[in-house]
Protein chains: 2
Amino acid sequence: MDLDAVRTFVAAADAGQFQEAAAALSITQQAVSKRIAALEKDLEVRLFTRTARGAQLTVDGQALLPHARELLRVEKRADASVRPGRRALRVDVVSRRIAPAVLLQDFHRMHPEIELDVVALLRADVDEAINAVEVGTIDASFHAVAPQQHLPDAVRTARVIDEPHQLLVGPRHALANADAVTPAQLVGHRIWMPGIPPGTEVAGYFDELAAAFGLTIDFIGPVFGNEALLAEIADSSELATLVGERTRYLWPDSYDLRRIPVRDPALVYPLSLIWRDDNPHPALAEFRDYLRTRRPNPPNTEVWTPTWAQWAAPRS
Amino acid sequence: MDLDAVRTFVAAADAGQFQEAAAALSITQQAVSKRIAALEKDLEVRLFTRTARGAQLTVDGQALLPHARELLRVEKRADASVRPGRRALRVDVVSRRIAPAVLLQDFHRMHPEIELDVVALLRADVDEAINAVEVGTIDASFHAVAPQQHLPDAVRTARVIDEPHQLLVGPRHALANADAVTPAQLVGHRIWMPGIPPGTEVAGYFDELAAAFGLTIDFIGPVFGNEALLAEIADSSELATLVGERTRYLWPDSYDLRRIPVRDPALVYPLSLIWRDDNPHPALAEFRDYLRTRRPNPPNTEVWTPTWAQWAAPRS
DNA sequence: GGCGAGCCACAACCTTGTGTTGTGTGCATA
DNA sequence: TATGCACACAACACAAGGTTGTGGCTCGCC
C-alpha cells in the first residue's frame, strides 16, 4: 500500500472529485486517476463510483477512509518523532515501569497536544545519558545523578522525584499481612532484584542500601522477564522484591501480590532530570514547568537516601 | 515516507544486520542498504550505525521504531478493512451515537481479537441497508424493520435492542428536577430533534410518537452539529430533546444537562439486526452469539412502540 | 433533441526510481 | 598480516509513475 496513493484517496474523498483533489495535490487529474486505480487494484476493491460530476465513495471506500486517515496521522507522528529541528520532545527513562514513565503519562494527559516520545536507552549509564543530552539526540533524561558527576557546560540537572520503595510479596510470605515494615524488619529476608546490571547506578544504590541496614539483596539469576519474577514471588514464602511506589505493574489478580510500604525510614530513590540549558525545544520548557509545579506527596516519615544523594534535600 | 522502506527498517532493526533482513524480505543486501539510505535521506537523520558485524539502531532509530511498527499495524488493519474474502466484520449503524454503536464497543471489549469495522451509511434507509447486506458490501446492519418489509431470500432480521428514550434538558427547564416523566407530562413542551431527514424510518417513529401522545416534536432547523444542539438545550428553559438510554454523548460538565427517564409507558425504539444467512464470515456468528447471550435490562414499566413494531415482543 | 461543459479513463511518451550484479572498503578476528 | 564478513558505491536494465493529448459519458441548457 503506497502512502501517496492513500493521501490521494483521502484528498479525493474529501473533495468529492478527482479534479479538485489533483489541484490540491499539485498533480494532474490523470495522475490522481492512476493512483486511485492502482490502489483499487492492489486492494482488489472499487473505492469510488465514478459519475459525470465527480467520484463518490463506495461502501468499501467509506470503510477504508478512517483507516486511511489514521495511517496518515501515524505517518505524521512517525515523521515528527525523528525529523531534526521540529521533532517531538524525546525523554529517556531507564525503564517504562518506573516513576518517570508514570510522570510522563500524566504530563501527556495534561497536555495531549504536545508530541512526546518516551525512549528507554536500556542500561545506559549516566555518562551515556549526559552525552546524549549534550549531543541533542535526546532532550531530557531521568537518572540518579551524584553531585561529583562531571557535567558539560550546557548540561543541567535537578532533583525532581524522590521515589519511595515498597516491598512486593506473595500471600505466603511472612510479611504478607503487615501494614508497613521497617528496613530493620527486612534483615534476614531474601530480597531479589534480578536483571539489574552490575556497576550501574541502580546496582550501586541497592549495594549501599544492603550495607546500610545489613540486608540480603540478590541481583543474581537469569532474567526471564518481569512476568516470571512476579510468578516466582507469588509462589514463594521467602522471596520479596522492592518496587517504586508509583510504578505500575500489571499482574493477574490471582497472584494476590501485596505492596507493603517501607517506613522509619522510607527507602527513597532520588531521581534527577538531565537537560541541556540551551535546548530551544518549546515542549522542554513546558515539561520543566510541569515538573516544577506538581506537588510531590511529602513523606511523613524519615527517609533514607544514599550518601551521595544527601548533599541536597529534594525540592518540596 | 515509503511503507516498503519502513518495513525494511523494522526488519533490519529486528535482525540487527542488513544481510539477514534482506534474506527475510527476499531482496539483496544492496536493496536493503538503498532503502534505508533513502529513508534516512528523507527523514534527514541517521537511523543505524554501521559496524563490521551488523547495523545498530541510533537513538533516532530507537525513537522511530515503535512508530514504524505502529505504521505497519495500521496498514494491516486498513488492508483488512476492505480486502474481499478476509476483511474485518463490517457492521452498519445509523449513527455512532446510538445504542448499536455502544453495543459494538462492548463487543469489541469482550473480543478484542476480532477485527471490526463500524460504518455509518448516513441516512441510508432500510431498503438500502438490506440491499447492501444482500450484495455483501456490509455484513450486518441495525435498523428498525417493519414486519411487512420485503426481504430477499437469504436475508434475515431479528429484533435485538429495545432502546428506551430519555429526556435531555438543561438546568432551567421546567422538568429539570424531575426524577422521571411520563409522555403525558411532555404535552405542551417543545421537543427538538434536528437533523432527522424527513421520510426516514426515524422520522416516521417520532411522527407516530407525536401523534400517539399529542406531543410537539420539531424536526426543523438547520443542523449545526451536535455540539450546537446541546449548547442550545443547556441554555433554554423550553427546549428538550430525546436521547437513547445507552447513547454516550460528550458534553462539557458546565452545561449541567440532565437525562430524565421516561416511563408509564417507556418510549422504546425497536432495533433489528439485518444479516445474510449464508454469510460465511466467522466473526458474524460470534457477533450474533454475543447478541443472543447478552441480558437486556428488562424494563420495569409499560412500554410504547410504534404500531408496526407491536407484532412481536422483544426477546427477553 | 442537439450541444457544450465538466469529469474521468485510456494511450503514448518520457523521466525517475528501484532492483540486480559486480566491486570496493573498513573492521574484527585468527 | 591475512581472511571473512558486512555494508557502500557504481553501472545497468526495467518498471513505476508523471505529463500531455484524446475520447467517452452524463448532465444541464438552449
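In what follows, every chain begins at residue 1, and chains take the letters A, B, ... in the order their sequences are listed.
With a heavy-atom cut-off of 4.0 Å to chain B, the contacted part of DNA chain C has its first and last nucleotide at C:dG19 to C:dA28.
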Mind listing the N/O atom pairs, protein and nucleotides 21-30 of chain D, below 3.5 Å?
| residue | atom | partner | partner atom | Å |
| --- | --- | --- | --- | --- |
| D:dG21 | O6 | A:Gln30 | NE2 | 2.6 |

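Computed from C1' positions of five pairs at each end, the angle between the two local axes of the helix from C:dG1-D:dC30 to C:dA30-D:dT1 equals 20°, rounded to 10 degrees.
Annotation: ring pair (Phe, Tyr, Trp, His ring centres under 6.0 Å) contacts involving residues 5-47 of chain B, sequence neighbours excluded, comprise B:Phe9-B:Phe48, B:Phe18-B:Phe48.
When side chains are defined from C-beta on, B:Leu89 does not count as touching B:Glu115, because their heavy atoms never get closer than 4.5 Å.
For A:Thr28 and D:dT19, the shortest distance from a side-chain N or O to OP1 or OP2 is below 4.0 Å.
Within a heavy-atom distance below 4.0 Å of DNA chain D, the residues of residues 34-49 of chain A found are A:Lys34, A:Arg35. For residues 12-26 of chain B, proximity to DNA chain C is found at no residue, defined as any non-hydrogen atom under 4.0 angstrom from a strand atom.
Note: A:Phe142 CZ to A:Trp275 CH2 = 10.5 Å, rounded to the nearest 0.5 Å.
Between A:Gln149 and A:Val126, the shortest heavy-atom contact is OE1-CG1, 3.9 Å. Residue A:Arg276 comes nearest to A:Leu284 through the heavy atom pair O-CD2, 4.2 Å, listed as atom of the first residue, atom of the second, then distance. When all heavy atoms of A:Ala78 and B:Leu64 are compared, the closest pair comes out as O-CD1, 3.6 Å.
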